[in-house]
Amino acid sequence: MAAGAREILVYGRAPEEAALVRLSPEDGELIEMKPIGGPAGEGDFYLFAVPANIGEGDVNWIDSEGNEGSVGQALLPP
């Protein structure tokens with residue numbers, strides 16, 4: 001992590017059937033956002049600006065029925 005960084009960006013792709021993307025910090029509250037539409041056939045995207053000290057956690061997409069759509073992706077360590 002860059003010295004003095006206050007925030008980091010967490011971003012990636014989500015399938016078009018994703019209703020929301022959930023970031024689950026190990027020691028914090030869930031953060032959710034609606035995906036940002038991407039080009040046709042390319043899926044959608046997500047972008048979170050989170051505190052640099054967020055620690056460990058997972059990112060997962062959720063479908064319109066509230067089901068998790070994947071096993072989740074671990075946040076990389078800072």
List, by chain and number, the other hydrophobic cluster members for [X], where Ile, Leu, Val, Met, Phe, Trp and Tyr join if side-chain heavy atoms come within less than 4.5 Å, directly or indirectly.
X	value
Leu9	Tyr11, Leu47
Ile62	Leu20
Phe45	none

Considering all heavy atoms, the nearest Ala52-Ala5 contact: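 Of all heavy-atom pairs spanning Ala52 and Ala5, the closest is CB-O, 3.4 Å.
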
Considering all heavy atoms, the nearest Ala14-Val21 contact: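 Taking Ala14 first and Val21 second, the nearest heavy atoms are CB-CG2, 4.0 Å.
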
- prompt: Who passes salt bridge (Lys or Arg N to Asp or Glu O under 4.0 Å) against Glu32, sequence neighbours left out?
  reply: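 If we apply the salt bridge (Lys or Arg N to Asp or Glu O under 4.0 Å) test to Glu32, skipping adjacent residues, the hits are Arg22.
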
message: Other residues, nucleotides and ligands only: do more than 12 of their heavy atoms fall within 6.0 Å of CD on Glu16?
response: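 Yes, enclosed.
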
Side chain to side chain contact (heavy atoms under 4.5 Å, CB included) against Pro15, all qualifying residues, sequence neighbours excluded: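 For Pro15 the side chain to side chain contact (heavy atoms under 4.5 Å, CB included) partners, ignoring immediate neighbours, are Glu17, Ala18, Trp61.
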
CA sep, side-chain torsions, deciding dist, call: Leu23, Ile54, side-chain contact (heavy atoms from CB on, under 4.5 Å): CA-CA 11 Å; Leu23 191 150; Ile54 192 164; 3.6 Å; yes

Leu75, Ile8, Ile31 screened by side-chain contact (heavy atoms from CB on, under 4.5 Å) with Phe48, the one that passes: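 Filter result, single survivor: Ile31.
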
query: What residues, two or more places apart in sequence or in another chain, satisfy side-chain hydrogen bond (donor to acceptor under 3.5 Å, both in side chains) together with Ser70?
result: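 side-chain hydrogen bond (donor to acceptor under 3.5 Å, both in side chains) check on Ser70 returns Asn60.
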
- prompt: Please, which pairs that meet salt bridge (charged side-chain N to carboxylate O under 4.0 Å, His left out) have at least one residue in residues 50-74, sequence neighbours excluded?
  reply: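 Of all non-adjacent pairs touching residues 50-74, none passes salt bridge (charged side-chain N to carboxylate O under 4.0 Å, His left out).
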
- prompt: Can you pull the side-chain hydrogen bond (donor to acceptor under 3.5 Å, both in side chains) pairs that have at least one residue in residues 37-49, sequence neighbours excluded?
  reply: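 Sorted pair list comes back empty.
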
